[in-house]
Amino acid sequence: MLRHRLLLLGMKETDDFEKADFVLFNTCAIRENAENHLYGELGRVKGIALKKPDLFVAVCGCVMQEEKPVRYILDHFGFISLVFGTNNIDAFYDLLEESLKAKGLYVDVRSAPEAIVETEGDDTAGRQSRITAFVDIAYGCDKFCTYCIVPYTRGKERSRKKEDIVREVLMLKEKGYRQVTLLGQNVDSYGKDFGDNYAFADLLDAVAGTGIDRIRFTTPYPSDFNEKVFDVMAKHPNVMPSLHLPVQSGSDIVLKRMNRRYTRKQYLDIVHALRERLPDVYLTTDIIVGFPGETEEDFLDTLSLCEECRYDGAFTFIFSPRPGTPASRMKDDTPDEVKHERFERLKTLIDSLSEESAKKMVGTIQEVLFEDVSKRDTGMISGYDRHGKLVHVKGDLSLVGQTRKVRIVESHTYSLIGVIDD
């Protein structure tokens, strides 16, 4: 959104701080290392700002919704011109104008989220890709998992109107986009602020009805899922057979301490219901290792759940306390070496499951939507099959934007090699 608005002002992008007249840092508060990375980047800009007093530097996003980081930034980086948070991003132009009038630091961080303001007109100019697009369907989070800062920085859940979302997807389709990914902190909570527990399934059905080639969505919250969503996924071939379903832990004791609102059994019941309708679904997850109080038995519960779910992939993390969250105040007496040893055991299991999944693809024909030149080999073009698996083939830029049938000839843990088969 902000990139689009800056382009509308006639600005041009550069990755070189030395050439920039306007620098914008959009921050994320989910993990502490992102916050530390921001301070490092601001340190890089500081020297340039001393030589270019007219350089305009703005900082926004989730980190700016936290008092401590804002205080640190104000105390250590006096060259910054504008600071704002997530709850008034729609007022960006007004904030920019007020900051220029102030001729100094202008701070506007609001604790309460603003009403959703729809962007009028064509916003495709601000998108990174001309093939795939992200479409926000909801903002904020009401779950308050004890390890997560998001509800405090992004506010309560607010859903966009279905007709506005469908209109955006239709516009993207008309502009030649091939795939949309519906985004929300908890997509399956969509519409609950309207009082409709089945709204996400209805929205997914309506978006599929636009006829756009491919639809994905992320991220669902397990206990908010209902089987109607799986029926919609099975009904529409343009809803991709892939699902990222975070579990975080396989232990009921740890799940309760995390304030995750489901049990191990309830999560597994959801997975079984999904696989009944979509046997070939590509299933991935998030897992935290070393949460405060996690015992060896708790960890073994996580390993056994992974074995039962047979995940095709997972994002795994060692617990990192975020200041301001309940988990940061919990007693954590597990030694770091134990956490790292558990992490390696989990990673070994996930890698073996991913390799097993990838090997099953060899010899099959997959439909791949090609998106760009391969990052590993400029003589290859990369894209994703219907399951969300990364595929590389020998080819040139003429493949980009095309969906082609590909015969898989080689598997790696997290990617596949293929040849065009049509």
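If you read the sequence from its start, that first residue is 1, and numbering goes on from there. Heavy-atom basis, side chains included; hydrogens, waters and symmetry copies ignored.
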Go through the side-chain N and O atoms of [X] and [Y] and say whether any donor and acceptor fall under 3.5 Å apart.
X    : Y    : answer
Y152 : R322 : no
S189 : K143 : yes
N259 : T146 : no
D301 : S304 : no
Q366 : T364 : yes
D312 : H387 : no
N186 : E157 : yes

Has [X] got a side-chain atom pairing as donor or acceptor with [Y]'s backbone, closer than 3.5 angstrom?
X    : Y    : value
N226 : K228 : yes
Y39  : I73  : no
S354 : I350 : yes
R160 : D136 : yes
T348 : E344 : yes
R130 : G176 : no
S374 : M380 : no
R261 : S223 : no

Can you confirm whether more than 12 heavy atoms, excluding those of [X], are under 6.0 Å from its [atom1] atom?
X    : atom1 : value
L278 : CG    : yes
E337 : CD    : yes
H272 : NE2   : yes

Discussion item. Quick one, E41 with R44, criterion salt bridge (Lys or Arg N to Asp or Glu O under 4.0 Å). Give me CA distance, side-chain angles, the key distance, then yes/no.
Written reply: CA-CA 5 Å; E41 291 297 291; R44 287 180 59 198; 3.1 Å; yes
Worksheet item: Quick one: CZ on R386 to OG1 on T403, what's the gap to the nearest 0.5 Å?
Response: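 One finds 10.0 Å between CZ of R386 and OG1 of T403.
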Worksheet item: Say you draw a straight line from OG1 of T413 to NZ of K359; how long is it, rounded to the nearest 0.5 Å?
Response: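 Answer for the OG1-NZ pair, T413 versus K359, is 8.5 Å.
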For [X] and [Y], which heavy atoms make the closest approach, and how far apart are they?
X    : Y    : value
E371 : I131 : O-CD1, 3.7 Å
T14  : K19  : OG1-CB, 4.2 Å
L390 : Y414 : CB-O, 4.1 Å
D193 : S159 : OD1-OG, 2.7 Å
K162 : D202 : CD-O, 4.4 Å
H392 : S415 : NE2-CB, 3.9 Å

Could you tell me how the ring of [X] sits relative to the ring of [Y]: parallel (under 30°), tilted (30 to 60°) or perpendicular (over 60°)?
X    : Y    : result
Y267 : Y262 : tilted
F200 : F217 : perpendicular
F92  : F84  : tilted
F194 : Y190 : perpendicular
F77  : F79  : perpendicular

Discussion item. Salt bridge (Lys or Arg N to Asp or Glu O under 4.0 Å) for D252 and R264? Distances and angles first, verdict last.
Written reply: CA-CA 6 Å; D252 283 339; R264 173 193 176 98; over 6 Å; no
Practice prompt. Could you please spell out the steps behind the salt bridge (Lys or Arg N to Asp or Glu O under 4.0 Å) verdict for D164 and K161?
Written response: CA-CA 5 Å; D164 291 328; K161 293 179 181 179; 5.5 Å; no
Worksheet entry | For R257, salt bridge (Lys or Arg N to Asp or Glu O under 4.0 Å) partners two or more places apart |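 For R257, no residue satisfies salt bridge (Lys or Arg N to Asp or Glu O under 4.0 Å) once neighbours in sequence are set aside.
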Discussion item. Pair K256, T263 - check side-chain hydrogen bond (donor to acceptor under 3.5 Å, both in side chains), show working.
Written reply: CA-CA 8 Å; K256 186 174 182 180; T263 65; over 6 Å; no
Discussion item. Is there a side-chain contact (heavy atoms from CB on, under 4.5 Å) between S99 and L95? Walk through the geometry before answering.
Written reply: CA-CA 6 Å; S99 177; L95 295 171; over 6 Å; no
Practice prompt. Dump the intermediate steps for salt bridge (Lys or Arg N to Asp or Glu O under 4.0 Å) on E294 and K339, then the final yes or no.
Written response: CA-CA 9 Å; E294 180 190 70; K339 293 181 181 180; over 6 Å; no
Worksheet item: Are F225 and F230 close enough that their ring centers fall under 6.0 Å?
Response: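 Centroid separation for F225 and F230: below 6.0 Å.
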Discussion item. If you apply the rule side-chain contact (heavy atoms from CB on, under 4.5 Å), what do you find for V150 with C141, and how did you get there?
Written reply: CA-CA 7 Å; V150 168; C141 180; 4.0 Å; yes
Worksheet item: Is there a side-chain hydrogen bond (donor to acceptor under 3.5 Å, both in side chains) between T218 and H244 once you walk through the steps?
Response: CA-CA 7 Å; T218 195; H244 185 74; 5.7 Å; no
